[in-house]
Amino acid sequence: MKKSIIFIYGIVAYCIFLVAFLYAIGFVGNLLVPKTIDSGVEPTLLKAVLTNIILLSVFALQHSIMARPKFKAWFTSIFSKAMERSTYVLLSSLALLLVYWQWQPITTLVWQTENTVPSSILTGLFFLGWLIVLLSTFMINHFELFGLAQIYNNLKNRQTANPKFQTNYFYKLVRHPIMLGFLIAFWATPVMTLGHLLFSIVTTLYIFVAVKFLEERDLRKIIGEEYETYQKEVPMIIPFAKK
Ligand SMILES: C[S@@+](CC[C@H](N)C(=O)[O-])C[C@H]1O[C@@H](n2cnc3c(N)ncnc32)[C@H](O)[C@@H]1O
(Lines give C-alpha, C1' and ligand atoms only; values in the text may rest on other atoms or scores of the structure.)
Protein backbone atom coordinates (compact mmCIF):
# COMPACT_ATOMS: atom_id res chain seq x y z
CA MET A 1 0.00 0.00 0.00
CA LYS A 2 1.21 3.55 -0.68
CA LYS A 3 3.21 4.98 2.23
CA SER A 4 1.29 8.25 2.13
CA ILE A 5 -2.02 6.37 2.46
CA ILE A 6 -0.66 4.38 5.41
CA PHE A 7 0.43 7.68 6.97
CA ILE A 8 -3.05 9.21 6.59
CA TYR A 9 -4.60 5.98 7.92
CA GLY A 10 -2.39 6.19 11.03
CA ILE A 11 -3.24 9.86 11.60
CA VAL A 12 -6.97 9.12 11.29
CA ALA A 13 -6.58 6.20 13.73
CA TYR A 14 -4.76 8.48 16.20
CA CYS A 15 -7.45 11.20 15.91
CA ILE A 16 -10.18 8.61 16.61
CA PHE A 17 -8.13 7.42 19.61
CA LEU A 18 -7.95 11.02 20.90
CA VAL A 19 -11.75 11.33 20.63
CA ALA A 20 -12.25 7.97 22.41
CA PHE A 21 -9.75 8.89 25.16
CA LEU A 22 -11.20 12.34 25.84
CA TYR A 23 -14.74 10.96 25.66
CA ALA A 24 -13.77 8.32 28.25
CA ILE A 25 -13.08 11.08 30.78
CA GLY A 26 -16.51 12.59 30.19
CA PHE A 27 -18.22 9.18 30.04
CA VAL A 28 -16.83 7.80 33.31
CA GLY A 29 -16.94 11.18 35.11
CA ASN A 30 -20.45 12.15 33.94
CA LEU A 31 -19.00 15.35 32.52
CA LEU A 32 -19.85 17.43 29.46
CA VAL A 33 -20.50 14.61 26.94
CA PRO A 34 -24.04 13.72 25.76
CA LYS A 35 -23.92 10.03 26.78
CA THR A 36 -22.34 9.07 30.09
CA ILE A 37 -22.09 5.96 32.26
CA ASP A 38 -25.20 7.05 34.21
CA SER A 39 -27.28 8.74 31.49
CA GLY A 40 -29.96 7.41 29.16
CA VAL A 41 -33.10 5.35 29.57
CA GLU A 42 -32.68 2.63 32.19
CA PRO A 43 -33.69 -0.87 31.03
CA THR A 44 -34.36 -3.86 33.28
CA LEU A 45 -31.45 -4.80 35.54
CA LEU A 46 -30.87 -8.10 33.72
CA LYS A 47 -30.78 -6.46 30.28
CA ALA A 48 -28.42 -3.74 31.51
CA VAL A 49 -26.01 -6.15 33.20
CA LEU A 50 -25.91 -8.56 30.23
CA THR A 51 -25.52 -5.82 27.61
CA ASN A 52 -22.77 -4.08 29.55
CA ILE A 53 -20.83 -7.28 30.17
CA ILE A 54 -21.06 -8.16 26.46
CA LEU A 55 -19.84 -4.67 25.49
CA LEU A 56 -16.85 -4.84 27.84
CA SER A 57 -16.09 -8.38 26.66
CA VAL A 58 -16.00 -7.20 23.03
CA PHE A 59 -13.41 -4.59 24.02
CA ALA A 60 -11.43 -7.09 26.14
CA LEU A 61 -11.37 -9.71 23.38
CA GLN A 62 -10.37 -7.25 20.67
CA HIS A 63 -7.71 -5.73 22.92
CA SER A 64 -6.24 -9.06 24.00
CA ILE A 65 -6.39 -11.00 20.73
CA MET A 66 -4.87 -8.19 18.66
CA ALA A 67 -2.01 -7.79 21.18
CA ARG A 68 -0.91 -11.42 20.81
CA PRO A 69 2.38 -11.92 18.96
CA LYS A 70 0.69 -14.62 16.79
CA PHE A 71 -2.01 -12.19 15.70
CA LYS A 72 0.61 -9.53 14.94
CA ALA A 73 2.61 -12.04 12.86
CA TRP A 74 -0.54 -12.98 10.92
CA PHE A 75 -1.50 -9.32 10.39
CA THR A 76 1.95 -8.30 9.15
CA SER A 77 2.04 -11.27 6.77
CA ILE A 78 -0.87 -9.61 4.93
CA PHE A 79 -0.57 -5.88 5.63
CA SER A 80 2.34 -3.47 6.04
CA LYS A 81 4.08 -3.72 9.43
CA ALA A 82 3.70 0.06 9.71
CA MET A 83 -0.10 -0.34 9.90
CA GLU A 84 -0.17 -2.87 12.72
CA ARG A 85 -0.16 -0.55 15.74
CA SER A 86 -2.47 2.00 14.10
CA THR A 87 -4.97 -0.77 13.33
CA TYR A 88 -4.82 -1.91 16.96
CA VAL A 89 -5.36 1.68 18.13
CA LEU A 90 -8.21 2.20 15.63
CA LEU A 91 -10.13 -0.97 16.53
CA SER A 92 -9.60 -0.45 20.28
CA SER A 93 -10.99 3.08 19.95
CA LEU A 94 -13.98 1.89 17.89
CA ALA A 95 -14.68 -0.81 20.51
CA LEU A 96 -14.62 1.91 23.18
CA LEU A 97 -16.97 4.14 21.19
CA LEU A 98 -19.34 1.16 20.93
CA VAL A 99 -19.22 0.79 24.74
CA TYR A 100 -20.09 4.50 25.24
CA TRP A 101 -22.87 4.35 22.64
CA GLN A 102 -24.60 1.17 23.79
CA TRP A 103 -23.87 1.34 27.54
CA GLN A 104 -27.03 0.74 29.62
CA PRO A 105 -27.25 2.83 32.81
CA ILE A 106 -28.13 1.33 36.21
CA THR A 107 -28.63 4.35 38.41
CA THR A 108 -29.17 2.70 41.82
CA LEU A 109 -26.82 4.54 44.21
CA VAL A 110 -23.97 2.64 45.86
CA TRP A 111 -22.38 5.71 47.46
CA GLN A 112 -22.85 9.46 47.21
CA THR A 113 -20.54 12.10 48.65
CA GLU A 114 -21.69 15.21 46.79
CA ASN A 115 -20.54 18.64 48.05
CA THR A 116 -18.38 17.26 50.85
CA VAL A 117 -14.62 17.09 51.41
CA PRO A 118 -14.49 13.39 50.36
CA SER A 119 -16.32 14.39 47.18
CA SER A 120 -13.59 16.92 46.29
CA ILE A 121 -10.87 14.39 47.12
CA LEU A 122 -12.49 11.73 44.93
CA THR A 123 -12.93 14.21 42.06
CA GLY A 124 -9.27 15.23 42.40
CA LEU A 125 -8.20 11.57 42.36
CA PHE A 126 -10.35 10.97 39.27
CA PHE A 127 -8.45 13.63 37.29
CA LEU A 128 -5.13 12.51 38.78
CA GLY A 129 -5.82 9.00 37.44
CA TRP A 130 -6.29 10.27 33.89
CA LEU A 131 -3.19 12.44 34.21
CA ILE A 132 -1.16 9.40 35.33
CA VAL A 133 -2.43 7.48 32.28
CA LEU A 134 -1.47 10.25 29.88
CA LEU A 135 1.95 10.97 31.41
CA SER A 136 2.80 7.26 31.55
CA THR A 137 2.22 6.87 27.80
CA PHE A 138 5.00 9.43 27.25
CA MET A 139 7.28 7.58 29.68
CA ILE A 140 7.06 4.40 27.56
CA ASN A 141 6.88 6.19 24.20
CA HIS A 142 3.57 7.82 23.33
CA PHE A 143 4.33 8.06 19.62
CA GLU A 144 5.30 4.41 19.30
CA LEU A 145 2.45 3.20 21.55
CA PHE A 146 -0.13 4.84 19.27
CA GLY A 147 1.50 3.95 15.96
CA LEU A 148 2.65 7.45 14.98
CA ALA A 149 6.37 6.63 15.00
CA GLN A 150 5.74 3.58 12.80
CA ILE A 151 3.75 5.44 10.12
CA TYR A 152 6.17 8.40 10.11
CA ASN A 153 9.28 6.23 9.79
CA ASN A 154 7.56 4.23 7.05
CA LEU A 155 6.81 7.47 5.17
CA LYS A 156 10.47 8.48 5.48
CA ASN A 157 11.68 5.01 4.40
CA ARG A 158 13.19 4.39 7.83
CA GLN A 159 13.01 1.31 10.02
CA THR A 160 11.23 1.66 13.36
CA ALA A 161 13.44 0.28 16.11
CA ASN A 162 11.95 -2.34 18.45
CA PRO A 163 10.20 -0.73 21.47
CA LYS A 164 12.65 0.10 24.25
CA PHE A 165 12.03 -1.45 27.65
CA GLN A 166 11.56 1.45 30.09
CA THR A 167 12.06 1.55 33.84
CA ASN A 168 11.96 5.33 34.22
CA TYR A 169 9.81 7.79 36.22
CA PHE A 170 6.49 6.08 37.15
CA TYR A 171 7.90 2.78 35.81
CA LYS A 172 10.38 2.91 38.71
CA LEU A 173 7.45 2.87 41.15
CA VAL A 174 5.15 0.32 39.52
CA ARG A 175 5.33 -1.94 36.48
CA HIS A 176 1.92 -0.79 35.17
CA PRO A 177 1.33 2.92 35.80
CA ILE A 178 -1.09 3.25 32.89
CA MET A 179 -3.30 0.57 34.44
CA LEU A 180 -2.88 2.16 37.88
CA GLY A 181 -4.11 5.46 36.41
CA PHE A 182 -7.16 3.73 34.89
CA LEU A 183 -7.98 1.98 38.18
CA ILE A 184 -7.84 5.29 40.07
CA ALA A 185 -9.99 7.03 37.44
CA PHE A 186 -12.58 4.23 37.39
CA TRP A 187 -12.97 3.88 41.18
CA ALA A 188 -12.55 7.48 42.39
CA THR A 189 -16.00 8.93 41.97
CA PRO A 190 -18.14 11.08 44.29
CA VAL A 191 -21.28 9.27 43.06
CA MET A 192 -21.03 5.53 42.53
CA THR A 193 -24.02 3.94 40.81
CA LEU A 194 -24.57 0.24 40.28
CA GLY A 195 -23.78 0.68 36.56
CA HIS A 196 -20.50 2.47 37.33
CA LEU A 197 -19.66 -0.21 39.91
CA LEU A 198 -20.23 -2.94 37.31
CA PHE A 199 -17.94 -1.06 34.91
CA SER A 200 -15.24 -0.68 37.59
CA ILE A 201 -15.37 -4.32 38.71
CA VAL A 202 -15.27 -5.80 35.18
CA THR A 203 -12.48 -3.47 33.97
CA THR A 204 -10.45 -4.12 37.15
CA LEU A 205 -10.72 -7.89 36.68
CA TYR A 206 -9.76 -7.54 33.02
CA ILE A 207 -6.77 -5.32 33.83
CA PHE A 208 -5.34 -7.80 36.35
CA VAL A 209 -5.91 -10.85 34.14
CA ALA A 210 -4.56 -9.18 30.98
CA VAL A 211 -1.50 -7.74 32.71
CA LYS A 212 -0.57 -10.85 34.67
CA PHE A 213 -1.37 -13.59 32.17
CA LEU A 214 -0.85 -11.89 28.81
CA GLU A 215 1.27 -8.73 28.85
CA GLU A 216 3.81 -9.80 31.47
CA ARG A 217 4.14 -13.26 29.93
CA ASP A 218 4.94 -11.66 26.55
CA LEU A 219 7.36 -9.19 28.13
CA ARG A 220 9.21 -12.00 29.93
CA LYS A 221 9.56 -13.85 26.62
CA ILE A 222 10.74 -10.76 24.72
CA ILE A 223 12.95 -9.11 27.35
CA GLY A 224 13.91 -12.17 29.39
CA GLU A 225 15.97 -12.00 32.57
CA GLU A 226 15.94 -8.20 32.72
CA TYR A 227 12.14 -8.26 32.99
CA GLU A 228 12.20 -11.01 35.60
CA THR A 229 14.54 -8.90 37.74
CA TYR A 230 12.24 -5.90 37.19
CA GLN A 231 9.30 -8.01 38.38
CA LYS A 232 11.20 -8.90 41.54
CA GLU A 233 12.21 -5.32 42.29
CA VAL A 234 9.21 -3.21 41.28
CA PRO A 235 5.61 -3.75 42.49
CA MET A 236 2.99 -4.59 39.90
CA ILE A 237 0.43 -1.87 40.48
CA ILE A 238 0.52 -0.49 44.03
CA PRO A 239 3.50 1.84 44.63
CA PHE A 240 5.73 0.86 47.56
CA ALA A 241 3.79 -2.40 48.07
CA LYS A 242 5.90 -4.95 49.89
CA LYS A 243 7.20 -7.66 47.54
C1 LIG B 1 -1.20 -0.01 26.98
S2 LIG B 1 0.50 -0.20 27.30
C3 LIG B 1 0.42 -0.57 29.04
C4 LIG B 1 1.77 -0.64 29.65
C5 LIG B 1 1.76 -1.04 31.12
N6 LIG B 1 1.01 -2.25 31.32
C7 LIG B 1 1.22 0.05 31.99
O8 LIG B 1 0.15 -0.14 32.56
O9 LIG B 1 1.84 1.10 32.11
C10 LIG B 1 0.88 -1.78 26.63
C11 LIG B 1 2.21 -1.80 25.89
O12 LIG B 1 3.23 -1.35 26.74
C13 LIG B 1 4.37 -2.21 26.62
N14 LIG B 1 5.10 -2.12 27.89
C15 LIG B 1 4.72 -2.56 29.08
N16 LIG B 1 5.65 -2.28 30.02
C17 LIG B 1 6.64 -1.64 29.38
C18 LIG B 1 7.90 -1.06 29.80
N19 LIG B 1 8.27 -1.11 31.06
N20 LIG B 1 8.67 -0.47 28.86
C21 LIG B 1 8.29 -0.42 27.58
N22 LIG B 1 7.13 -0.94 27.12
C23 LIG B 1 6.32 -1.54 28.01
C24 LIG B 1 3.79 -3.57 26.32
O25 LIG B 1 4.68 -4.39 25.65
C26 LIG B 1 2.60 -3.21 25.45
O27 LIG B 1 2.97 -3.11 24.10
Side-chain angles (χ1 to χ4, degrees), residues 13 16-68 71-72 85 87-111 122 125-127 129-130 132-134 136-137 145-146 176-218 236-237:
I16 294 174
F17 151 73
L18 278 184
V19 170
F21 180 77
L22 291 175
Y23 201 102
I25 303 175
F27 179 78
V28 179
N30 284 298
L31 300 163
L32 303 171
V33 295
K35 174 75 169 29
T36 74
I37 200 160
D38 294 324
S39 71
V41 180
E42 192 163 337
T44 62
L45 182 64
L46 182 68
K47 184 183 171 200
V49 170
L50 285 179
T51 309
N52 294 343
I53 288 178
I54 290 170
L55 287 169
L56 292 173
S57 304
V58 168
F59 174 80
L61 283 174
Q62 172 279 323
H63 217 64
S64 303
I65 292 170
M66 286 191 72
R68 312 267 35 82
F71 181 89
K72 289 182 188 178
R85 196 70 200 178
T87 305
Y88 182 72
V89 168
L90 175 65
L91 292 185
S92 302
S93 306
L94 292 178
L96 277 180
L97 294 176
L98 180 69
V99 171
Y100 310 147
W101 177 38
Q102 287 300 318
W103 183 263
Q104 307 293 309
I106 314 168
T107 54
T108 310
L109 281 176
V110 180
W111 72 68
L122 287 169
L125 280 172
F126 170 77
F127 286 110
W130 290 109
I132 292 173
V133 171
L134 190 63
S136 304
T137 66
L145 199 58
F146 295 102
H176 302 286
I178 295 179
M179 298 305 136
L180 172 64
F182 279 130
L183 291 176
I184 296 172
F186 294 167
W187 284 96
T189 174
V191 181
M192 179 64 92
T193 59
L194 209 53
H196 192 150
L197 185 68
L198 176 74
F199 179 88
S200 303
I201 290 172
V202 175
T203 49
T204 300
L205 288 175
Y206 171 65
I207 285 173
F208 278 99
V209 170
V211 159
K212 192 161 173 51
F213 298 106
L214 301 175
E215 187 177 309
E216 291 215 325
R217 214 175 262 181
D218 290 344
M236 187 174 171
I237 235 148

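Atom set for the values below is all heavy atoms of this structure, side chains included, hydrogens, waters and symmetry mates excluded.
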Reported CG-to-CD1 distance for the pair Leu46 and Ile106, which is rounded to 0.5 angstrom: 10.0 Å
Interatomic distance, Leu183 atom CG to Ile207 atom CD1 [nearest 0.5 angstrom]: 4.0 Å
Intermediate values then yes/no, side chain to side chain contact (heavy atoms under 4.5 Å, CB included), Thr203 and Phe182: CA-CA 9 Å; Thr203 49; Phe182 279 130; over 6 Å; no
Student check: side-chain heavy atoms of Leu145 and Arg85 closer than 4.5 Å: yes
For the student: nearest non-hydrogen atoms of Lys72 and Met66, plus distance: CG-O, 3.9 Å
Heavy-atom side-chain proximity of Leu91 to Thr87 below 4.5 angstrom: yes
Parallel, tilted or perpendicular: ring planes of Phe17 versus Phe146, cut at 30 and 60 degrees: parallel
Check: Leu96 main-chain N/O paired with Tyr23 side-chain donor or acceptor under 3.5 Å: no
Where Leu125 and Ala188 come nearest, the two heavy atoms and their spacing: CB-CB, 3.6 Å
Heavy-atom closest contact (Trp111 atom, Pro190 atom, distance): CD1-O, 3.6 Å
Heavy-atom pair of closest approach, residues Ala24 and Trp130: CB-CH2, 3.7 Å
Gap between atom CG of Leu97 and atom OG of Ser92 - 0.5 Å precision: 11.0 Å
Residues forming a side-chain hydrogen bond (donor to acceptor under 3.5 Å, both in side chains) with Arg217, sequence neighbours excluded: none
Short side-chain to backbone donor-acceptor contact, Ser200 and His196, under 3.5 Å: yes
Rounded distance (nearest 0.5 Å) linking atom CG of Leu194 with atom CG of Leu109: 9.5 Å
Distance in Å, His63 NE2 paired with Tyr88 OH, rounded so as to fall on 0.5 Å steps: 3.5 Å
Heavy-atom side-chain contact between Trp101 and Leu55 under 4.5 Å: no
Thr193: which of Thr108, Asp38, Thr107 passes side chain to side chain donor-acceptor pair (under 3.5 Å): Asp38
Audit row: Thr36, Leu31, side chain to side chain contact (heavy atoms under 4.5 Å, CB included) steps and yes/no: CA-CA 8 Å; Thr36 74; Leu31 300 163; over 6 Å; no
Gly195 to Trp103 - nearest heavy-atom pair and separation: O-CZ2, 3.3 Å
Distance-only side-chain donor-acceptor flag, Gln104 / Thr51, under 3.5 Å: no
Thr204: side-chain hydrogen bond (donor to acceptor under 3.5 Å, both in side chains) partners, not counting sequence neighbours: Trp187
Non-hydrogen side-chain atoms of Val191 and Asn30 separated by less than 4.5 Å: no
Candidate pair Phe186 and Val28, rule side chain to side chain contact (heavy atoms under 4.5 Å, CB included), full reasoning: CA-CA 7 Å; Phe186 294 167; Val28 179; 4.2 Å; yes
Criterion side chain to side chain contact (heavy atoms under 4.5 Å, CB included) on Met236 and Met179, from CA distance to verdict: CA-CA 10 Å; Met236 187 174 171; Met179 298 305 136; over 6 Å; no
Shortest non-hydrogen separation from Glu42 to Pro105 and the atoms involved: CG-O, 3.2 Å
Nearest-0.5 Å distance, CD1 of residue Ile184 to OG1 of residue Thr189: 14.0 Å
